[in-house]
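Input: a single structure, listed below in structure tokens.
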Amino acid sequence: MNAKIESNPLIERLPKHLKQFIKPQDYEDYTPINQAVWRYVMRKNVDYLSKVAHSSYLEGLKKTGIEIDSIPSMYGMNRILSEIGWAAVAVDGFIPPNAFMEFQAYNVLVIASDIRQLEHIEYTPAPDIIHEGAGHAPIIANPEYAEYLRRFGEIGCKAISSHKDYEMYEAIRLLSILKEAEGTPQSEIEAAEKAVEDLQNNMGELSEMAQIRNLHWWTVEYGLIGTLENPKIYGAGLLSSIGESAWCMTDNVKKIPYTFSAAQQSFDITKVQPQLYVTPDFAYLSLILEEFANTMALRTGGLSGIKKLIDSKALGTVELSTGLQISGVFTNVIEYEGKPIYLQTTGKTALANREKELVGHGTAAHLEGFGSPIGKLKGINLAIEDMSPRDLKAYDIYEGETATLEFEGNIKVVGEIITGKRNLHGEIILISFKNCTVTHGETVLFQPEWGTYDMAVGKKLVSAFSGPADVNSFDLIAHVPSSKTIKASTSEERDALEVLYHTVRNIRETKDTTTSLAPIFEKLKQEHPNDWLLSVELAELLKERNETQLLTEILSHLENLKKQRPEVAQLISNGLELIFEKEETVH
């Protein structure tokens, strides 16, 4: 299991650019303290969430093979997830939003394999295996929700980002890493918080990606389901946070009916949420998602779509009414009467049809960029794509002829036609010229000495979206996050404490009732006076053994710890409640 990526057919079919984010889950890296943190959170959550979570949660825990006592291995999860048509992969912390959503589109759950520190047991801003494994995985056992998640990924990965979104992703990733790491100087955290805040206050109009991330946050991460008066939890952020899952059920958190307007509601990952949205059922989530998708350039295309791509400064695709897809970094558009009439990319560009690159029109053929008129010819009602072979001949759009094509908006193409390409419906989608000149008024857009001119055919720009049409057209193994997650530091004292946790775990798992727990407690008290979780675990074992004298001593020690460390008082109480509640329910 060590340093091996456990597979599942769904992982095999992932494109290369997504596989770059996958890392092995080094199960041996989880320490006995990590295992104790998982067990504490899961026991507390399952106990509490059985009352307030959507019924799919507890059913899903069983179906997805997530155990309460041990951190799940990706091998086990993949084996069981494959039965419900999903897979899971381990990654290093936050990955870019487009990639995260694209994984979902392939029915693959992204799991940050690190686990929160004991000091952040209630909540961590960094994604971790408790959040992903115990939060996201169980709910996908619900078929309606699983389809929503897949569809969300499919639509979300096509959302166009602004160049500021990427800065925000990097800033949030760094802040989450610094907050989760032990011993980060407060000044560093404050500087990172200020960077996030400054960006938040200066994002301008929200991009499609920012809006769809808001929808993701208020549903997949922090969603409630049911009625405003009696909502249940299904969002993974709530399911994996001991503190917030209880807090969100109080009147301190405003409950709002989930609507399309949630796309405009931004969030702060470092604070508890002041309001939450309630959906009546999972099917309603898909309804709102489709409503949002109808506003995206993916479905509206047009001038605003190409302008969004230019603003993103990133690789994107436009699709024309003939089905021709142009993928590259768009840098210019010429408009006329509110419509795009000429569009231009800079640098590597590829042409495709139905997500498949056109033979001979990959990035090697269009290294320097691509430019083409779109729209109708001036004074002719019939668009080129609608012309029959006879019409094309009549207008000199024919092999070997020198054609003069004047488009609306004063774009003129003059050159000798070499050949054309058609789509499956027989519509002409591309015309290639030699000795070609393309002008817009007095401005020359293409000249004969530049070589062959390939002209896209399409009367309308019907779609614009993020990323390439054919993922194989570009080398997408490009952006590796600039920050790396910080592993917990080790020390002699920490190592000695890990040994004690390991001993107690071993006693519990082997059902050993003879080894005395007194020396362990003595050592814990003397050498690790601030640790609280192992004392709670010892109390649990002593309760089962009915060793009241030592149990009384430990309970007294924990009472003192509550006074000395008020920040963990509630955690101690919650842990003890689980042990003694069990006793009450038995009698």
Side-chain angles (χ1 to χ4, degrees), residues 10-11 13-23 89 91-112 127 132 136 148-174 176 199 203 206-217 219-221 263 266-267 269 289 292-293 295-299 305-306 308-319 325 327-330 348 350 352 355 463-483:
L10 291 169
I11 298 171
R13 54 177 268 240
L14 285 172
K16 269 187 258 166
H17 70 279
L18 289 182
K19 285 182 179 170
Q20 71 178 313
F21 295 105
I22 302 173
K23 64 167 209 167
V89 293
V91 297
D92 184 44
F94 279 117
I95 64 170
N98 284 78
F100 180 86
M101 293 194 199
E102 201 178 344
F103 270 110
Q104 276 180 207
Y106 284 94
N107 279 27
V108 175
L109 203 59
V110 172
I111 293 185
E132 318 281 5
H136 285 293
Y148 168 69
L149 209 58
R150 186 200 66 76
R151 186 84 179 119
F152 199 107
E154 202 168 51
I155 291 167
C157 71
K158 302 288 188 194
I160 300 170
S161 302
S162 74
H163 57 282
K164 284 184 179 171
D165 288 334
Y166 215 91
E167 288 175 44
M168 178 61 95
Y169 154 69
E170 287 280 17
I172 284 175
R173 179 180 160 87
L174 179 62
S176 73
L199 276 167
M203 289 299 281
L206 292 181
S207 69
E208 288 180 354
M209 179 51 81
Q211 291 179 65
I212 208 160
R213 275 185 68 227
N214 287 344
L215 290 183
H216 195 268
W217 183 263
T219 61
V220 175
E221 296 294 353
S266 294
F267 56 88
I269 66 155
L289 177 62
F292 179 76
T295 69
M296 288 169 63
L298 174 68
R299 293 188 185 171
I306 183 82
K308 283 179 185 176
L309 280 181
I310 291 169
D311 179 54
S312 77
K313 301 180 180 171
L315 177 62
T317 298
V318 299
E319 185 173 321
Q325 296 164 315
S327 300
V329 177
F330 288 85
K348 290 179 180 176
E355 284 72 48
S463 180
F465 54 86
S466 174
D470 183 338
V471 293
N472 299 311
S473 294
F474 294 82
D475 174 12
L476 299 173
I477 301 178
H479 193 96
V480 177
S482 58
S483 49

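Both backbone and side-chain heavy atoms feed into the values below; hydrogens, waters and symmetry mates do not.
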For Gly467 and Thr317, work out which heavy atoms get closest and say how close.
O-OG1, 2.6 Å
Looking at residues at least two apart in the chain, or sitting in another chain, which of them share a side chain to side chain donor-acceptor pair (under 3.5 Å) with Lys158?
none
Mind checking what makes side chain to side chain contact (heavy atoms under 4.5 Å, CB included) contact with Ala263, not counting sequence neighbours?
Gln211, Leu215, Phe292
Under the salt bridge (Lys or Arg N to Asp or Glu O under 4.0 Å) test, which residues partner Glu319, sequence neighbours left out?
none
Taking only residues two or more places apart in sequence or in another chain, which ones pass side chain to side chain contact (heavy atoms under 4.5 Å, CB included) with Asn107?
Leu10, Trp86, Arg150
With rounding to the nearest 0.5 Å, note down the distance linking CG in Leu315 to CG in Leu309.
9.0 Å
Stepwise side chain to side chain contact (heavy atoms under 4.5 Å, CB included) check, Leu206 with Asn214:
CA-CA 10 Å; Leu206 292 181; Asn214 287 344; 3.8 Å; yes
Among all residues two or more places apart in sequence or in another chain, which pass the side chain to side chain donor-acceptor pair (under 3.5 Å) test with Ser463?
none
Where is the tightest heavy-atom contact between Met209 and Gly156, given as atom of each residue plus distance?
CE-O, 3.4 Å
Indicate the atoms forming the closest heavy-atom contact of Ser466 with Ile160, along with that distance.
N-CG1, 3.9 Å
What verdict does the side chain to side chain contact (heavy atoms under 4.5 Å, CB included) test give for His136 and Glu221, after you've listed the backbone C-alpha separation in whole Å, the side-chain angles of each residue and the deciding distance to 0.1 Å?
CA-CA 8 Å; His136 285 293; Glu221 296 294 353; 3.2 Å; yes
Going from CG on Leu149 to OG1 on Thr219, what distance comes out if it is rounded to the nearest 0.5 angstrom?
8.5 Å
Residue list, salt bridge (Lys or Arg N to Asp or Glu O under 4.0 Å) with Arg299, at least two apart or on another chain:
Glu290
Side chain to side chain contact (heavy atoms under 4.5 Å, CB included) evaluation trace for Val110 with Phe21:
CA-CA 10 Å; Val110 172; Phe21 295 105; over 6 Å; no
Where do Ala159 and Asn98 come nearest, in terms of heavy atoms and distance?
O-ND2, 3.6 Å
Minimal heavy-atom distance between Phe330 and Gly316, with the atoms involved, is CE1-O, 3.5 Å
Ser162 side-chain N/O to Ser207 backbone N/O, donor-acceptor pair under 3.5 Å
no
Return the minimal non-hydrogen interatomic distance between Ser312 and Ser161, and the atom names on each side.
CB-O, 2.8 Å
Holding to ring-ring contact (aromatic ring centres under 6.0 Å, His included), I want the full list of residues that pass it with Phe152, two or more places apart in sequence or in another chain.
Tyr148, His216
List the residues meeting side chain to side chain contact (heavy atoms under 4.5 Å, CB included) with Lys19, not counting sequence neighbours, and say none if there are none.
Leu14, Ile22
I need the Glu154 CD to Glu102 CD distance, nearest 0.5 Å.
10.5 Å
Return the set of residues passing side chain to side chain contact (heavy atoms under 4.5 Å, CB included) with Ser473 (not counting sequence neighbours), or none when no residue passes.
Ala350, Glu357, Asp470
Check: Glu208 side chain, Ala297 main-chain N or O, donor-acceptor pair, under 3.5 Å:
yes
Taking only residues two or more places apart in sequence or in another chain, which ones pass ring-ring contact (aromatic ring centres under 6.0 Å, His included) with Phe267?
Trp217
Atom pair CD1 (Ile155) and CD1 (Ile212), whose distance is rounded to the nearest 0.5 Å
6.5 Å
